[in-house]
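Scope of the values below: all heavy atoms of this structure, side chains included, with no hydrogens, waters or symmetry mates.
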Amino acid sequence: HAITYTKITLFGFPFLIFTISGGHLIRADGSPKYAMICNLSGAIINIILDPILIFGLNMDMAGAALATVIGQIFSSLLVMRYLYNFKTVQIIKQHLFPKFQYTGRIVSLGAGPASNQVAMMIVQIIMNKSLVFYGALSIYGESIPLASSGIINKVAMVFFSVVIGISQGMQPIA
């Protein structure tokens, strides 16, 4: 199931990245409500399409992945619509090409968060492998520890999402 889901959602990753980065630009431009609408619209479309594609059209995991990608595409279209009508900056074609005089500064600012994400990914991989290995040795099997860890991570993410949302909403004000 994971392979099926991942193969389809790989197509949606560029749209997801565009939506997330565009949301930061929209908030910085003074429209945090529109940035929220962009993110929520994709999530709502995903929620609506999931049961239709999974159960109604019997697409199983492929349906769930397709619903996710459709939601991501819709969100990115809303972001693109806004970017053509910036309030404070006029985007022209020459702005879309990188200027190498700024590349060093951009990399220096992004290297810390990027390495943090890579480190968290490595820790998660090691933890999952350990849970599967040691879980297989217990009477409960490998699935229970892995599922428990996933549930704990999801509950923690709810808390972190609130904190991240507050900090991102406060960003234009600060």
Report task. Over all heavy atoms of both residues, which pair between A67 and D50 is shortest? Give the atoms and the distance, please. Result -> CB-OD1, 3.3 Å
Query - Any donor-acceptor pair under 3.5 Å from T9 side chain to Y5 backbone - result: yes
Query - Gap separating the CZ atom of F160 from the CG atom of N153, nearest 0.5 angstrom - result: 9.5 Å
Report task. Report yes if some heavy atom in the side chain of M61 is under 4.5 Å from a heavy atom in the side chain of I54; otherwise report no. Result -> no
Query raised in the report: Is there side-chain contact between Y134 and P145, with at least one heavy-atom pair below 4.5 Å?
Result: no
**Report entry** Spacing of N46 atom CG and S75 atom OG [to the nearest 0.5 Å]
**Finding:** 9.5 Å
Report task. Measure the CE-SG distance between M80 and C38 for me, rounded to the nearest 0.5 Å. Result -> 11.5 Å
Requested in this report: Look at atom CE of M157 and say whether more than 12 heavy atoms of other residues, nucleotides or ligands are closer to it than 6.0 Å.
Outcome: no
Requested in this report: Answer with yes or no whether the hydrophobic clustering places Y82 together with L25; edges join I, L, V, M, F, W, Y residues whose side-chain heavy atoms lie under 4.5 Å apart.
Outcome: yes
Query raised in the report: Which distance, rounded to the nearest 0.5 Å, do you find between the OH of Y102 and the CG of L109?
Result: 14.0 Å
**Report entry** L66/I70 under side chain to side chain contact (heavy atoms under 4.5 Å, CB included): CA gap, chis, key distance, verdict
**Finding:** CA-CA 6 Å; L66 189 59; I70 291 170; 4.0 Å; yes
Query raised in the report: Can you check whether V162 reaches F159 side chain to side chain, under 4.5 Å on heavy atoms?
Result: no
Requested in this report: Kindly indicate whether the side chain of I122, heavy atoms from C-beta on, has any atom under 4.5 Å from the side chain of M127.
Outcome: no
Query raised in the report: Under 4.5 Å between any side-chain heavy atoms of V79 and L83, yes or no?
Result: yes
Query raised in the report: How many angstroms lie between CG in N85 and OG in S31, if you round to the nearest 0.5 Å?
Result: 10.5 Å
Query raised in the report: Given the rule that I, L, V, M, F, W and Y join up when any side-chain heavy atoms are under 4.5 Å apart, are I45 and L57 in one cluster?
Result: yes
Query - Donor-acceptor side-chain pairing of Y34 and D29 below 3.5 angstrom - result: no
Query raised in the report: According to a 4.5 Å side-chain heavy-atom criterion applied to Ile, Leu, Val, Met, Phe, Trp and Tyr, with indirect links allowed, do F15 and I17 form part of one hydrophobic cluster?
Result: no
Query raised in the report: Does L131 reach the side chain of E142, with side-chain heavy atoms less than 4.5 Å apart?
Result: no
Requested in this report: May I ask you to test the I144-S148 pair for a side-chain heavy-atom distance under 4.5 Å?
Outcome: yes
Query raised in the report: Above 12 or not: heavy atoms from other molecules or residues under 6.0 Å from NZ of K99?
Result: yes
Query raised in the report: Side chains of F18 and Q72: does their closest heavy-atom pair fall under 4.5 Å?
Result: no
Query raised in the report: Which atom names give the shortest non-hydrogen contact between A35 and I26, and what distance separates them?
Result: N-CG2, 3.8 Å
Query raised in the report: Nearest 0.5 Å, what's the CD1-OG1 distance between I47 and T68?
Result: 10.0 Å
Query raised in the report: Got a sec: does the CD1 of I3 have more than 12 other heavy atoms crowding it under 6.0 Å?
Result: no
Requested in this report: Please report the C-alpha distance between V69 and F13 in whole Å, then the side-chain angles of each, then the deciding distance to 0.1 Å, and finally whether the side chain to side chain contact (heavy atoms under 4.5 Å, CB included) criterion is met.
Outcome: CA-CA 8 Å; V69 170; F13 282 150; over 6 Å; no
